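Structure first, commentary second.
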Amino acid sequence: MNIGVTIFPGSNCDRDAMRAVELVGATPVQLWHADPDLKNVDAVIVPGGFSYGDYLRPGAIARFASVMGEVERFANAGGPVLGVCNGFQVLTEAHLLPGALLQNMNLRFVSKRVRVRVEARDTPWTAACESGEELMLPVAHNEGNYFADADTLARLEDESRVVLRYLENPNGSANDIAGVCNEARNVVGIMPHPERVSDDLLGSDEGLKILRSVLVGAGV
Amino acid sequence: MDELSIKDTYTALGLSDFEYDRILELMERPPNFLELSLFSVMWSEHCGYKNSRPLLSRFPNDGPRVLQGPGENAGVVEVGDGWALAFKVESHNHPSAVEPYEGAATGVGGIVRDILAMGARPVAVLDSLRFGPLDEERNRYLFREVVRGIGGYGNAVGVPTVGGEVEFDRSYSGNPLVNAMCVGLIRTEDLMSAKATGEGNLVVLIGSKTGRDGIHGATFASDELSEESESRRSNVQVGDPFAEKMAIECCLKLLEGNLLVSLQDLGAAGITSSASEMAAKGGVGIEIETDKVPLRESGMEPWEIMISESQERMLAIVEPDDIEKVLALTERYGLVGVVVGRVAGHGELRVIHDGEVVGGVSAGHLADAPTYEREVVRPKYLDEIPKVNLNKLPEPDDFNEVLLKLLGSPNLRSRHSIYEQYDHEVQTNTVVRPGADAAVMRIKGTKRGFAATIDGRGRHCYLDPRGGGAATVAEAYGNLSCVGAEPVAVTDCLNFGSPEKPDGYFQLAECIEGMAEACEVFGTPVVSGNVSLFNETDRGAIFPTPVVGMVGIFEDVSRHATPRFKREGDMAVALGGVGSEGVSLAGSEYLSVVHGEGSGSPPEVNLAVEKKVSDLVRGMVRSGLIDTAHDISGGGEVVAVAEMALAGGVGFEYEEEEVGRMVEGQGRGRADLAFFGEESGGFVIAFPEEKWDDVQEALGVDGIAYDTIGEVGGDRFKVGNFIDLPLSEMKEAYERDLFE
């Protein structure tokens, strides 16, 4: 399986994501922001970082990058897309996912490992997890405070589209939301970084379950 | 210029009469304003090391693993398997005093570029910070903004901030210290140099556009801070981590393609220092056409362009045949990439504007700032430091309260509220995250890894400059040893007051002597460094604070230790302690926090014994015998053990008899001295009981003092009849947010 990883100017988790893709036995493919070409990949990861310096608003400029038109087409056709951290912000800005990521409640960058619970395993990015499974995943962001209006939140809950939920909320997110999916469930955005817990030497390899999910074939 | 205005001009630029005469002598004609500006920045303390160069020669620089000593952008040591580490520490104290966010941010940016200039990928940042006490609003502001600045830059640039230290003391009020260290990873065969070669080769400016920011920053950084400093805010550079991230990726790509002859970052004194250093190293000349430099402000004069400290810029020497490929890559990364000059045979840094030569100075002359050697005179204050009088020091009634007070004091409290603002895991190499004695990083594709620590002991250096200098190196050596890394080399940042005052010069000279002695004993040469003098305000000089960054190596990084207690039932042993007089309260945190005193001379450091103890602990970690170790430092043994319990989230109980032994033995009848007295070279280790025989055998070899002290378990922390606290209450004090 070929998994594309988008690279915007200012992405800084692209190399980590590609390495994690290799660790689960898939082939990583670089998708350069200026090239409107997904190179026939089977799935796309939009990695973390500070695309375009986070200037204006995280993700606000990246959504207009040439590659993003193709990512949108791919997503709308049902292709599996995962946005991690800045990638999640990009996907909300591109309206592939509902809601927005606001500045953390305490106005500080937060970098630590937090416990999250897998709330929905019927997505291509959680299929290898157990339902209700608890994972310890790193977060590192300044804008991770998930916000959506009350109707949207209610809909997300009703349709079981909250994919990951914080057990200790690090940023003030509504409903402790750490990740959501789109209506078709093929597009997932999460704030925690699964690629960072990819090796026992780093304390755990629990994050690989997320990336491995796309290989086992999701119940989309 | 008439004679008076000449004197006014060079004085305003920070040059002395003597220095101006020297310039006349070297040039054999009066310099014009641009040339004078070049001298002013290159002969500032910051660039020219006028006061420190003769003293710095005292440091050992050589060792079996050293691939590059001082003289390049960073020192380099060999790791094995074809890998090397480039590392250096640098100060950004003055800019941070007036504009803390940008000052700290560009401090990180600058040190990251130094590492990049060696051809290495920056993989870790550490920082050493000092502020005045948090009861002053200004200090709280500086602290908050410096931490935000480090995070704001480091996080965006994608280099993890993995370690560091912070201390608060009145002497740093208004003059904070912001020292940033960066470590980079490189294949030994890919090492770069900043040496310009090849007449006719092109000089390419890569990165951001040039503006007026930071003009005369190097001169500013070489002066005392005063009310006037506030008005020099425009001397502080503004950082753009996004541009830096692009510059890193672009330069690494250029190096990968073997497209560069040499590479240099633009730091203090901008194009002037970079170009003249590159020229001086290669024994060639460089011509810069200032009108070719892309500007972001209009109407900049050639001299402004030459000394602008605009950030995120690199200077590369490129062979004409490769220039197209180079410029194509800079364009791909959205960076400025422009030929601004060429390597020439004349040996000068020559400035050309619109086709006309507007100035020229021998690169060798610029690199050869005059040096000043002064008489080393022992300051009076050292003989007037009051001794600690134990008889007049009341013993506390409530040791629970004392421990909580110590754990909650700003100097000992958990640093989580700081490091949680730093991305410490990006690049996925961080094996031991912040909060341990040293950061531990893996090197992908090998079993190897490295550890890094940064340490300073300002109060100790004030009370005993030579001993404090040695103790600073010893602490770094101990920190690396107790995570299990073999310490290999040092980078240092010498933060001192004015060397033009006898006390300041004595402190500088003596600290260097102490550090040099320790580096010799430990076999850890100094391979790079930086000097920050004139750290004074109207309240006086800072504590002399040499900061030591040290890196160590693992052959097998999976064999490492952390301070965290890991298992219920583990035995704990305290070992070492090498002072001739045993533990002492002199200059201790206990004395300062509980009794509000800063008196006494800390116990002397016995370097040879200290090395032996550190090596022993490291040996036990490397052989896999122990995975839990912590050095005893501020707050003494009981605070060290409490930290281990807090880190592991598990309680601890001292053995009843051991508490008695401690009080009678090292406490000489006093519990406070026994529990909170300090000395260097002490460690606490923990291990499952079944390993006790093997541990004992290891400990026995060198005839080192050790004691079993108690057992890990439960949810309380107990020290005989003196201390009995639930861990949760300690945690509340220890983990309180430092920014509240």
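A quick note: this is a predicted structure, and the numbers were derived from the prediction, not measured. Quick note on labels: first sequence line is chain A, next is B, and so on, each numbered from 1.
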Ring center gap for B:Phe554 and B:Phe450 short of 6.0 angstrom: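 That pair fails the under 6.0 Å test.
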Which of B:Val432, B:Val426, B:Val159 touches chain A most, by non-hydrogen pairs under 4.5 Å: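 Between B:Val432, B:Val426, B:Val159, the count favours B:Val426.
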B:Arg187 NZ/CZ over B:Trp83 ring centroid, <6.0 Å and within 45° of normal: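 The answer is yes, since B:Arg187 meets both limits relative to B:Trp83.
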Over all atoms of both residues, closest heavy-atom pair of B:Val483 and B:Ala451: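 Smallest interatomic distance, heavy atoms only, reads CG2-CB, 3.9 Å.
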Closest approach of A:Tyr52 to A:Ile61 (non-hydrogen atoms, all atoms of both residues):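 Closest approach of A:Tyr52 to A:Ile61, heavy atoms only: CG-CG2, 3.7 Å.
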Taking atom [atom1] of [X] and atom [atom2] of [Y], what is their separation to the nearest 0.5 Å?
| X | Y | atom1 | atom2 | answer |
| --- | --- | --- | --- | --- |
| B:His424 | B:Arg433 | NE2 | CZ | 6.0 Å |
| A:Ser173 | A:Asn145 | OG | CG | 5.0 Å |
| A:Tyr146 | A:Ile177 | OH | CD1 | 5.5 Å |
| A:Leu82 | A:Ile3 | CG | CD1 | 9.5 Å |
| A:Thr126 | A:Lys209 | OG1 | NZ | 12.5 Å |
| A:Arg161 | A:Leu153 | CZ | CG | 11.0 Å |

Side chain to side chain, B:Arg415 and B:Leu738, heavy atoms closer than 4.5 Å: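 Yes. Closest side-chain heavy atoms under 4.5 Å.
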Heavy-atom contacts under 4.5 Å, residues 146-155 of chain B to chain A: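 Heavy-atom contacts from residues 146-155 of chain B to chain A are B:Asn155.
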What residues of [range] make heavy-atom contacts with chain B at a cutoff under 4.5 angstrom?
| range | answer |
| --- | --- |
| residues 198-208 of chain A | A:Asp199, A:Leu201, A:Leu202 |
| residues 189-196 of chain A | A:Glu195, A:Arg196 |
| residues 21-45 of chain A | A:Trp32 |

Short side-chain donor-acceptor distance under 3.5 Å, A:Arg57 and A:Gln89: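 Checked: A:Gln89/A:Arg57 side chains show no N/O donor-acceptor pair below 3.5 Å.
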Test item: side-chain donor near acceptor, B:Lys731 and B:Ser414, under 3.5 Å: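 Absent: no donor and acceptor within the cut-off.
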Given that the side chain runs from C-beta out, which part of [X] has a heavy atom under 4.5 Å from chain A: side chain, backbone, both or neither?
| X | answer |
| --- | --- |
| B:Ser558 | both |
| B:Ser417 | both |
| B:Asp240 | both |

A:Glu134 and A:Arg115: CA distance, side-chain angles, deciding distance, salt bridge (charged side-chain N to carboxylate O under 4.0 Å, His left out) verdict: CA-CA 7 Å; A:Glu134 289 181 11; A:Arg115 282 191 312 138; 2.8 Å; yes
Pair B:Arg113-B:Gln311, side chain to side chain donor-acceptor pair (under 3.5 Å): steps then yes or no: CA-CA 10 Å; B:Arg113 282 194 304 283; B:Gln311 299 289 291; 3.1 Å; yes
Checking [X] side chain against [Y] main chain: does a donor-acceptor pair fall under 3.5 Å?
| X | Y | value |
| --- | --- | --- |
| A:Glu133 | A:Glu130 | yes |
| B:Gln427 | B:Pro122 | yes |
| B:Asp423 | A:Ala140 | no |

